[in-house]
Number of protein chains: 2
Amino acid sequence: MKDVAARAGVGLKTVSRVVNGEPGVTPETERRVQEAIDALGFRRNDSARVLRKGRTASIGLVLEDLADPFYGPLSRAVEEVARAHGALLINGSSAEDPDREQELALALCARRVDGLVIIPAGDDHRYLEPEIRAGVATVFVDRPAGQIDADVVLSDNFGGARDGVAHLIAHGHRRIGFIGDMPRIHTAAERLRGYKAAMEDADITVADSWMSLGVTDPERVRRAAEEMLSGSTPVTAIFAGNNRVTVTVVRVLAEQQRPVALVGFDDIELADLLDPGVSVVAQDAAALGRTAADRLFRQLDGTLLGPERIELPTRLITRGSGELPPAG
Amino acid sequence: MKDVAARAGVGLKTVSRVVNGEPGVTPETERRVQEAIDALGFRRNDSARVLRKGRTASIGLVLEDLADPFYGPLSRAVEEVARAHGALLINGSSAEDPDREQELALALCARRVDGLVIIPAGDDHRYLEPEIRAGVATVFVDRPAGQIDADVVLSDNFGGARDGVAHLIAHGHRRIGFIGDMPRIHTAAERLRGYKAAMEDADITVADSWMSLGVTDPERVRRAAEEMLSGSTPVTAIFAGNNRVTVTVVRVLAEQQRPVALVGFDDIELADLLDPGVSVVAQDAAALGRTAADRLFRQLDGTLLGPERIELPTRLITRGSGELPPAG
DNA sequence: TAGGGCCTGGACAACGTTGTCATATGCAAG
DNA sequence: CTTGCATATGACAACGTTGTCCAGGCCCTA
């Protein structure tokens with residue numbers, strides 16, 4: 001900028017004015033400055049600007065795994081909102097590791113992001129207290145924050161799972177299996193709770209062998225599914241706790257002789273093309289991201305009162321697999 | 001930091017030394033400083049640090065659409081490499097709009113990212129010349145840069161398409177349709193070239209009605225597919241130019257009476273569960289991202305000679321749809 | 001024509017950090 | 001006891017920008 005000023009024969013501040021489109025510069029002067037800028041290929045250094053102004057016009061997104069198709073639309077929605085507010089998005093993946101989540105969140109704070117959207121991996125977020133006090137807007141998505149009071153945007157995991165299981169029950173099933181992630185993950189716990197509630201509402205006693213918790217890698221999901229399909233009281237339907245589980249269960253069911261009903265949590269691509277189509281309880285990932293980001297910027301505007309918990313509804317999509325009658 | 005220094009009763013520079021783990025500080029002093037840091041909840045302001053040091057330890061990623069499942073693994077791979085180099089990833093989507101790509105890339109440069117990984121939307125990247133001269137490492141992925149000489153990492157779109165079409169020919173097809181994106185997109189043009197090459201190699205004259213270019217939204221893809229399947233010389237097989245096209249074509253084929261063979265470019269999830277399984281020419285998105293990011297950091301190390309063009313091989317995955325014999 | 005107000009332009013400090021250099025302290029060797 | 005050296009610490013400038021404040025020139029009015 002110094003060079004530009006020298007070349008244009010004007011003061012430093014005048015260049016600054018031109019660069020930022022501030023008023024109070026003669027067209028003639030502006031032209032000279034613009035010329036110098038072009039000639040030197042000058043571009044404002046936002047680091048210095050940030051240092052001076054305090055705000056960085058960037059927000060951080062800590063998610064679990066970008067390669068998970070569920071987070072693509074979410075991340076995209078957050079970016080869209082950020083863009084609408086003229087902010088850039090810095091993101092990183094925690095890989096479901098609480099330490100990495102913390103490291104990442106703090107690194108983003110050190111970069112002085114204006115706000116943070118976090119899909120938590122851990123369950124203790126007190127480490128963020130100093131940052132929040134220092135003015136970093138914070139919104140948790142998909143899972144609630146641990147040990148601190150903060151904005152949270154999540155799907156109605158409990159209600160969605162309950163409805164999904166009730167749907168199976170309505171189609172005549174009573175022996176219904178549940179395969180889900182570790183209950184220490186909030187979403188998994190809520191979905192399990194929804195499963196149990198639906199079963200209880202229908203006065204069905206759940207056998208332990210119908211529930212498989214904490215399995216997540218395909219091989220173990222496969223084994224879990226196969227076990228609950230054999231045994232002495234085999235299930236006639238399965239409720240899959242997340243998209244990865246659903247995909248594996250679909251594979252297992254394709255190999256079965258008799259038809260087994262299936263409802264999955266989270267939508268999966270091409271679910272309608274399979275035979276039968278896979279019925280799912282769908283969450284709106286984009287809406288989650290959009291809502292969270294909106295809320296973040298409203299925190300920054302100061303138009304918000306206190307932390308809130310927002311629950312977005314899920315939607316049951318029937319495609320065939322959830323409407324199969326019990327067999328065997 | 002000033003406050004920390006005051007509280008610990010030491011100089012500014014000593015605090016800086018402690019924060020950065022530099023040597024030359026008595027354990028006793030270090031303890032006092034550490035104590036003050038904890039008490040005040042101090043965290044280093046990386047903006048100021050960046051301003052002073054010149055390097056930001058962050059790289060930018062400009063991609064087309066995060067919600068496209070192809071870019072999830074790519075983005076994740078880039079992030080992984082960045083993380084290994086202690087860098088953060090800032091990203092944004094161009095939405096296939098050249099102006100937006102430029103705006104985004106320049107915004108990232110203004111933030112003084114150390115390097116840029118770009119999936120180009122436009123075909124003129126001369127706007128980056130000043131930045132590259134100024135030392136911003138730059139790598140293009142998936143599609144080559146326009147009008148400038150820069151590192152490029154892409155899949156062998158030509159070879160992949162040629163092999164895919166040749167595969168159909170090997171299974172007896174001669175009337176093969178091609179549905180692809182606008183040829184102004186490099187990947188689309190290359191794949192079309194591959195299709196034509198394979199047909200020519202087999203001495204097949206391609207009818208204009210077999211090729212549909214520039215269609216991209218599902219409704220038009222559907223119509224294009226239906227047209228080439230009816231007509232006077234209906235095709236017996238279709239080569240789909242990208243994952244979105246493939247999905248739509250699968251839907252259309254499911255409604256057809258007679259079996260139609262299909263090979264798609266890009267893998268799609270659950271392709272193996274469909275009936276028939278969808279044969280595809282798969283690119284390794286993660287490898288693309290990893291290679292590009294590696295190259296970026298090697299540019300920054302200075303261990304690179306000049307711009308290079310790296311082509312990654314594709315892989316034909318046979319699952320059934322591409323092995324159907326011609327019918328009708 | 002003189003005085004006042006407006007408009008343009010510039011000097012300077014400050015943001016928070018780090019690199020450079022100088023100073024102080026302690027210890028060993030001469 | 002002095003000199004020399006190593007080590008610990010701090011003072012200060014600089015990174016590039018913007019906010020504040022002031023100066024000078026112009027026009028308008030009385």
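Below, read A as the first sequence line, B as the second, and so on, with proteins coming before strands; counting in each chain starts at 1. All values below come from the heavy atoms of this structure, side chains included, with hydrogens, waters and symmetry mates left out.
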**Prompt:** CZ of A:Arg52 versus P of D:dT18: gap in Å, rounded?
**Reply:** 9 Å
**Prompt:** Do other residues, nucleotides or ligands put more than 12 heavy atoms under 6.0 Å from B:Asp38 CG?
**Reply:** yes
**Salt bridge A:Glu129-A:Arg126, side-chain N to carboxylate O under 4.0 Å** = no
**Asked** Which is true for B:Asn20 with a 4.0 Å heavy-atom rule: it touches a base, it touches only sugar-phosphate, or it touches nothing?
**Response** sugar-phosphate
Tabulated below should be each protein N or O lying under 3.5 Å from an N or O of nucleotides 21-27 of chain D; please produce it.
none

**Prompt:** Is the shortest distance from a Lys or Arg side-chain nitrogen in B:Arg309 or B:Asp151 to a carboxylate oxygen in the other one below 4.0 Å?
**Reply:** no
**Request:** Please name all residues satisfying ring pair (Phe, Tyr, Trp, His ring centres under 6.0 Å) with A:Phe42, sequence neighbours left out, ordered by chain then number.
**Result:** none
**Request:** State, yes or no, whether a side-chain contact exists between A:Val139 and A:Leu116 at a heavy-atom distance under 4.5 Å.
**Result:** no
**Request:** Calculate the interatomic distance between A:Arg112 atom CZ and D:dT17 atom P; express it in whole Å.
**Result:** 21 Å
**Request:** Please state how far atom CG in A:Asn45 lies from atom C1' in C:dC15, giving the value in whole angstrom units.
**Result:** 13 Å
**Asked** Closest approach of A:Ile59 and A:Ala82, non-hydrogen atoms and distance?
**Response** CD1-CB, 4.0 Å
**Request:** Could you list the residues that satisfy ring pair (Phe, Tyr, Trp, His ring centres under 6.0 Å) with B:Phe140, not counting sequence neighbours?
**Result:** B:His125
Nucleotide N/O of nucleotides 5-8 of chain C paired with protein N/O under 3.5 Å:
| unit_1 | atom_1 | unit_2 | atom_2 | d |
| --- | --- | --- | --- | --- |
| C:dT8 | O3' | A:Thr26 | OG1 | 2.8 |

**Request:** Starting from C1' on D:dT17, measure out to CZ on A:Phe42 and report it in whole angstrom.
**Result:** 9 Å
**Fill in**
Whole-Å distance, A:Glu22 CD to C:dG9 P, equals 13 Å
**Fill in**
Note: contacts of residues 4-16 of chain B with DNA chain C (heavy atom, under 4.0 Å) are B:Leu12, B:Lys13, B:Ser16
**Request:** Examine the side chains of B:Gln147 and B:Tyr127 and answer whether a donor and an acceptor come within less than 3.5 Å of each other.
**Result:** no
**Prompt:** Expressed in angstrom and rounded to an integer, what is the separation of B:Lys2 atom NZ from C:dT17 atom P?
**Reply:** 10 Å
**Item:** Spacing between A:Leu51 atom CG and D:dT18 atom C1', to the nearest angstrom
**Value:** 10 Å
**Message:** Per the salt bridge (charged side-chain N to carboxylate O under 4.0 Å, His left out) rule, what does the pair list look like for residues 102-120 of chain A, sequence neighbours excluded?
**Reply:** A:Glu103-B:Arg83, A:Arg111-B:Asp46
**Item:** A:Lys53 side-chain N/O to D:dT17 phosphate OP1/OP2 under 4.0 Å
**Value:** no
**Prompt:** Going by atom types only, do A:Ser155 and A:Glu311 share a side-chain donor-acceptor pair under 3.5 Å?
**Reply:** no
**N or O in side chain of A:Arg49 less than 4.0 angstrom from D:dT18 OP1/OP2** = yes
**Message:** Can you measure B:Arg55 atom CZ to C:dT17 atom C1' for me and round it to whole angstrom units?
**Reply:** 18 Å
**Message:** Salt bridge check, B:Asp181 against B:Arg244: does any charged N sit closer than 4.0 Å to a carboxylate O?
**Reply:** yes
